[in-house]
Amino acid sequence: MAVKVIIPTPLRAYADKQASVEVQAKTVAEALLALTSKHTELKKHLYSDDGRLRSFVNVYVNDEDIRYLQKDQTSVREGDTISIVPSIAGGASDGLRD
Amino acid sequence: MSGAALKIHDQLMRRIHAHGVETYPHECCGALFGRDGEDSREVLDLLPLANRRDDSPRNRFEVTPDDVRLAEKTASEKRIELIGWYHSHPDAPARPSEYDREHAWPWYSYIIVSVQKGEPRDTTSWRLHDDRAAYDPEAIEITARSAGI
């Protein structure tokens, strides 16, 4: 099934400057695999070294966060839109302080 | 130092400093809107956001994906781009920490303002390397007049 994956601005340089990429997939996992196989430079920004999606990478199917669906096993249908949405984090130093 | 300087109007920089003072001793954060060109990048507006890190707000900040989507929508309505983020380091230097690097995205400009004892001090800007290994400092050029939006 053809689904559209929206690439966030900071990652477009690694996807031939495209704002979206169409891939064939039945699940979110398949779609992201197809995307990173096509544009291999995206992999290090989306996945950590252990192969998991980075904690600050969020994925939506249409308007639903996949964390509240079946995570990367969430099914996708023809015409669905998958959005990769950053969360932004940082801070002054290591260790937590109240 | 990465290529072109990040231009920002003096009044916008003052707003970032004021936000850092307002939230001290907690970190402030917000979105930077502007234009990105081949040879220049300019901040033209800001969107102050709430720091969503309740457990350690003195040395952590977080912008949730919902707030990122709000920032993207706001940029789209203003017909400008979301080009980066700012945050404060209360009583700490205006240098990215290892925690900053681990959570950073490429391409965005990250402005950091050091707020020492409630007073804004050094302000720097940084961009992550393509390989995620380190940051490059990005020169800041304070302008008296911006191109406007």
Side-chain angles (χ1 to χ4, degrees), chain A residues 5-20 28 36 39-69 71-72 74 81-98, chain B residues 25-27 29-31 36 49 51-69 71-72 75 81-110 112 114-115 126-128 130-133:
Chain A
V5 185
I6 306 283
I7 312 294
T9 316
L11 297 186
R12 286 179 192 166
Y14 311 102
D16 295 335
K17 299 187 178 175
Q18 297 175 93
S20 66
V28 167
T36 52
H39 301 286
T40 53
E41 285 290 298
L42 282 173
K43 207 174 284 182
K44 64 177 175 289
H45 297 291
L46 296 178
Y47 295 96
S48 53
D49 293 341
D50 62 7
R52 294 183 184 194
L53 267 184
R54 291 183 182 276
S55 58
F56 48 91
V57 174
N58 308 278
V59 180
Y60 288 68
V61 173
N62 301 324
D63 266 336
E64 292 284 331
D65 187 334
I66 62 164
R67 267 188 274 262
Y68 305 109
L69 301 171
K71 300 185 177 163
D72 66 355
T74 301
T81 298
I82 296 174
S83 304
I84 298 168
V85 180
S87 46
I88 306 298
S93 60
D94 298 328
L96 301 184
R97 289 193 289 162
D98 290 335
Chain B
H26 294 172
E27 295 201 1
C29 55
D36 178 61
L49 292 163
N51 180 356
R52 304 293 187 185
R53 276 297 292 260
D54 295 332
D55 60 335
S56 189
R58 285 172 184 250
N59 69 341
R60 292 282 187 271
F61 80 95
E62 182 176 355
V63 178
T64 61
D66 283 345
D67 284 343
V68 173
R69 295 178 99 196
E72 286 175 342
E81 286 184 90
L82 174 58
I83 58 170
W85 305 91
Y86 70 85
H87 72 281
S88 61
H89 281 181
D91 297 321
R95 283 197 307 270
S97 64
E98 180 60 14
Y99 188 83
D100 281 325
R101 187 191 62 76
E102 286 170 2
H103 292 78
W105 291 78
W107 189 82
Y108 284 141
S109 294
Y110 285 89
I112 301 175
S114 168
V115 182
W126 305 81
R127 288 174 74 168
L128 187 69
D130 279 349
D131 65 3
R132 308 192 55 83

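By convention in this document, chain letters (A, B, ...) are assigned in the order of the sequence lines, proteins followed by strands, and residues within each chain are numbered from 1.
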Top contributor to chain B contacts, counting heavy-atom pairs under 4.5 Å, from A:A13, A:P10, A:P8: A:P10

Minimum heavy-atom distance B:S97-A:G91, with the two atoms named: OG-O, 2.5 Å

Segment of B:E102 engaging chain A (4.5 angstrom heavy-atom cut-off): backbone

Contact winner vs chain B - A:G90, A:S48, A:S87, heavy-atom pairs under 4.5 Å: A:G90

Partner chain A: residue of B:R101, B:R95, B:H89, B:E72 with the largest heavy-atom pair count (under 4.5 Å): B:H89

Segment of A:R54 engaging chain B (4.5 angstrom heavy-atom cut-off): side chain

Atom of A:V85, atom of B:R69 and distance for their closest heavy-atom approach: CG1-CG, 3.7 Å

Distance-minimising heavy-atom pair for A:F56 and B:R132: CZ-NH2, 3.6 Å

Segment of B:D67 engaging chain A (4.5 angstrom heavy-atom cut-off): neither

Residue B:A31 versus chain A: region with a heavy atom under 4.5 Å: neither

Separation of B:D131 CG from A:E41 CD (nearest 0.5 Å): 10.0 Å

A:D50 atom CG, neighbour heavy-atom count above 12 within 6.0 Å: yes

Spacing of CD1 belonging to A:I88 relative to CH2 belonging to B:W105, to within rounding of 0.5 Å: 7.0 Å

Contacts of type side-chain contact (heavy atoms from CB on, under 4.5 Å), residue A:R67, not counting sequence neighbours: A:N58, A:D65

Option in B:D130, B:L82, B:I112, B:T64 with maximal non-hydrogen atom pairs under 4.5 Å from chain A: B:D130

